[in-house]
2 protein chains.
Amino acid sequence: MPKLADRDTRHTQILEALLRVAGSQGLHAVTMRSVAAEANISLRLVQYYFETKEKLLLAALDHLAGRQRERIQTRVLDTDAPDDPRTIIEAVLTEALPTDQDSRTFHLVYTAYAVHAVTDPALAAQPFLRAPDAMEHFLADQLRHAQRDGILPPHRDPRTEAAILLALSAGLGTGVLLGQRTAENATTAISYHLDHLGLARRPA
Amino acid sequence: MPKLADRDTRHTQILEALLRVAGSQGLHAVTMRSVAAEANISLRLVQYYFETKEKLLLAALDHLAGRQRERIQTRVLDTDAPDDPRTIIEAVLTEALPTDQDSRTFHLVYTAYAVHAVTDPALAAQPFLRAPDAMEHFLADQLRHAQRDGILPPHRDPRTEAAILLALSAGLGTGVLLGQRTAENATTAISYHLDHLGLARRPA
DNA sequence: ATCGCTTTGATACGTCGGTATCAAAGATTT
DNA sequence: AAATCTTTGATACCGACGTATCAAAGCGAT
């Protein structure tokens, strides 16, 4: 009966189960047992692949970050102008909003991790801040390109603007997650902000 | 030995103890026992004043919101121009940043509650979103006043700008909390943004 | 077929945490 | 002085959870 799956398959299977639990019932509902049940495997097998809960959680965080990276990349490449700064930036920021179940889960779980990291040194040591940090640099680069291309006013400071964009989309995302704001409301605000930045689309 | 305190004093004493625990070790470290220990009273007494942990947590949330309201009010009144929109808005947004231990605790605990609220209906029913919602209206009002006074360009939409301001300061606050950004960096970004809004100080 | 990796099951241990209970005693009020 | 409110102490119960252990069996590859 027990079909053998290779390690990678099992790993992702378990991690996806974890994310489903965390996404629907919160990170506090993630236990070795609940994950096993969600994945339809025995508790013992979860122990087999991830010896401790801490390792399991760290792996899940990694998995989550990877999925989000893929999502964003896909979103950018799916636009009609994947080399136009305005298009890229708007796609990135919009993708970061919790619109569908997947991105809701991402936001929820990631935020929960972040909260834990503030008081848990082991988690804080994790490459947690690297993703948003990289994103900020990426945005700053795009803004610099835009300035060179003459589609962003020269008096704008790319570094600061990038920080603002990132904080803005994170804040809006949280608002959407809490039901305090609709996703449409948030996307509108992002477009509005980019418009007033003076960040135009590159003419074809 | 046991001195009698009135209910209010005890309540706040216990709630402050809770916030100290939550602020230093995280909300997950808040247990009936840890709070009792932090407050230097018996577990039994915590049970006496707040029958269940849920009630205790809800009371703490209320207490937290109240303290933050006071903090912001004080901050605004302490400025040199407590009736100038630009001054008020900058004070409010800056106060919302986790600069000292108190505001760090606020951010941390509030965010932790927010994360819980997403998957806990009992918490979500709480007047959670009312504070940020009221703040957003307040900011929008200030912006409208500014427009009437001619210190904010008329093509700006106060509602959207208010939403952006709130999301921005929340996002920056999170960044500061996670150590990804300094408080100075964040305050700079806020001033920068207000400047580019075209929101000027009212001339004396 | 033997060896090694994978999977399950049952189960158990220790800890922690929310809640409950009983008894007793100090303090305040009337 | 009596009645009521406040406070402590000592426990106790029960459930949940992380972790560990032992035994057994399925499956793949050499």
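Chain letters run A, B, ... following the sequence lines, proteins first, then strands; residues in each count from 1.
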*Could you encode protein contacts along nucleotides 14-24 of chain C as a string, one character per nucleotide from 5' to 3', using B for base contact, S for sugar-phosphate-only contact and - for no contact, with a heavy-atom cut-off of under 4.0 Å?*
---BBBBBB--
*Taking only Lys NZ, Arg NE, NH1 and NH2, and the carboxylate oxygens of Asp or Glu, determine whether B/Arg75 and B/Asp78 approach each other closer than 4.0 Å.*
no
_Length of the line joining B/Asp8:CG and D/dC5:C1', which is rounded to integer Å_ = 16 Å
Would you list the atom pairs, donor with acceptor, under 3.5 Å between side chains in residues 121-134 of chain A and any protein atom, with sequence neighbours excluded?
none

*Could you check how far CG of A/Leu56 sits from P of D/dC17, rounded to whole Å?*
14 Å
*Would one find a side-chain N or O of B/Tyr48 under 4.0 angstrom from OP1 or OP2 of D/dT8?*
no
*Between atom CD1 in A/Ile41 and atom P in C/dT8, what is the gap in whole Å?*
6 Å
Cut-off 3.5 Å, no hydrogens considered: what does the side-chain donor-acceptor table look like for residues 16-23 of chain A, sequence neighbours left out?
| from | atom 1 | to | atom 2 | distance (Å) |
| --- | --- | --- | --- | --- |
| A/Glu16 | OE1 | A/Arg67 | NH1 | 2.8 |
| A/Glu16 | OE2 | A/His63 | NE2 | 2.8 |
| A/Glu16 | OE2 | A/Arg67 | NH1 | 3.4 |
| A/Arg20 | NE | A/Glu38 | OE2 | 2.7 |

_Rounded to whole Å, please give me the gap between CZ in A/Phe50 and P in D/dG18._
15 Å
_Any residue meeting ring pair (Phe, Tyr, Trp, His ring centres under 6.0 Å) with A/Tyr192, in chain and number order, not counting sequence neighbours_ = A/His196
*Please identify each residue that fulfils salt bridge (Lys or Arg N to Asp or Glu O under 4.0 Å) with A/Glu51, with sequence neighbours left out.*
A/Lys55
_Non-neighbouring partners of A/His107 that pass ring pair (Phe, Tyr, Trp, His ring centres under 6.0 Å), sequence neighbours left out_ = none
